[in-house]
Colleague: 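Take a look at this one; I'll ask things after.
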Amino acid sequence: MPNVANPLEGKVPVKLPGDEKELLALLDPRTLPRHVALIMDGNGRWAVQKGLPRTAGHRAGIESLRRTVTLGVELGIAILSAYAFSTENWRRPPEEVDFLMNLFVEYAFREIEKLRSQGVRVKVIGCRAELPPTVLAAAERLERETASGTKLLLNLAVNYGARREITEAVRAIARKVQAGELSPEAIDENTIARHLYTGDLPDPDLLIRPAGELRVSNFFLWQLAYTELYVTPVLWPDFDRVDFLQALVAYQHRERRFGGLKFD
Ligand code: IPE
Ligand code: IPE
Ligand code: MG
């Protein structure tokens with residue numbers, strides 16, 4: 001279709017360099033996002049393209065998460081929220097669900113030392129009630145043993161669904177109203193935000209969506225209100241330092257208005 005404006009024009013530099021040093025030189029350390037959300041998607045496709053079982057893709061996805069966390073720490077990004085398993089992912093074949101649950105336990109035990117040494121604090125967000133006991137125990141241990149990390153907060157979203165999160169928040173607020181601790185008139189946007197798993201954290205500045213899907217798949221529906229969206233066709237296991245830096249440089253080319261007028 002001719003004469004249709006490119007909706008992305010000006011939103012990303014015309015051509016992003018593919019070299020880490022060049023990208024680092026373009027990055028302004030003063031305006032990095034404080035909070036980056038990641039939808040770790042495309043593991044299955046990555047594996048199938050290589051003639052491997054889908055599970056191999058999930059394993060490779062863990063390496064990708066490690067790389068991303070390491071760069072986040074190096075750059076001084078305060079919060080990373082990584083979507084690992086959704087409330088809808090239980091619809092997958094039981095073998096794949098079991099594999100993912102076991103992989104989380106394996107990840108938790110294997111990564112603790114590295115995360116601690118990097119100063120990463122992990123928080124597992126999602127509906128805990130439905131998690132198998134081994135996963136719950138691993139999540140609690142990961143949180144406990146990384147509790148003193150001050151460099152980067154890693155929110156790992158496991159059995160996370162934004163609609164579930166909002167539903168649980170509404171229930172908790174309703175209980176307070178019923179107990180006479182809160183009046184309905186006192187409920188404002190902050191009340192709701194504080195009852196979400198993300199509590200007092202700032203909303204994500206940037207959402208990175210690999211694997212090319214143009215949807216948010218029930219991630220952070222409340223928190224994404226004014227988040228900048230970055231979609232890349234790169235499959236999550238292939239997402240590397242250059243891809244992360246490209247997303248950050250692209251983010252720095254956005255003009256955030258929050259409904260107001262251009263401010264500079
Ligand atoms: C993301 O990769 C991991 C989870 C959702 C657990 P997928 O498994 O969704 O990979 P694709 O989308 O099938 O390629
Ligand atoms: C989103 O990926 C969830 C996670 C990455 C954990 P999905 O593969 O579940 O998303 P859809 O089904 O393609 O929207
Ligand atoms: Mg997927």
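Note: hydrogens, waters and symmetry copies are ignored here, and every other heavy atom, side chains too, is used. Whatever order the structure lists ligands and atoms in, that order sets their numbers, starting from 1.
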Colleague: Is Arg34 atom CZ crowded by more than 12 heavy atoms from other residues, nucleotides or ligands, each under 6.0 Å away?
Modeller: no

Colleague: Of all the non-hydrogen atoms in the protein, which one sits nearest to atom 12 (O) of ligand 2, and at what distance?
Modeller: Arg215 NH2, 4.5 Å

Colleague: With rounding to the nearest 0.5 Å, note down the distance linking NE2 in His58 to CG in Leu103.
Modeller: 8.5 Å

Colleague: Do you see a protein non-hydrogen atom under 4.0 Å from atom 2 (O) of ligand 2?
Modeller: yes

Colleague: Please confirm whether Asn89 comes within less than 3.5 Å of ligand 2 when only nitrogen or oxygen atoms on both sides are compared.
Modeller: yes

Colleague: Starting from the Mg ion (ligand 3), count all protein N, O or S atoms within a radius below 2.8 Å.
Modeller: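 Number of qualifying protein atoms: 1.
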
Colleague: Please check if atom CZ in Arg110 has more than 12 non-hydrogen atoms from other residues, nucleotides or ligands closer than 6.0 Å.
Modeller: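 Buried by this count: over 12 neighbours within 6.0 Å.
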
Colleague: Trp236 and side-chain contact (heavy atoms from CB on, under 4.5 Å): which partner among Ile208, Asp243, Leu38?
Modeller: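 It is Leu38; the other options fail the test.
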
Colleague: Specify side chain, backbone, both or neither for Ala84, according to which of its non-hydrogen atoms lie closer than 4.0 Å to ligand 2.
Modeller: backbone

Colleague: Would you say Tyr83 and Tyr160 make side-chain contact, with heavy atoms under 4.5 Å?
Modeller: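 SC-SC contact between Tyr83 and Tyr160 confirmed.
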
Colleague: If you take the nearest heavy atom of each of Met40, Arg92, Arg91, which one is closest to atom 7 (P) of ligand 2?
Modeller: Arg92

Colleague: What part of Leu100, side chain from CB on, backbone N/CA/C/O, both or neither, has a heavy atom under 4.0 Å from ligand 1?
Modeller: side chain

Colleague: Can you pull out the closest protein heavy atom to atom 10 (O) of ligand 1? Residue, atom name and distance to 0.1 Å, please.
Modeller: Gly44 N, 2.9 Å

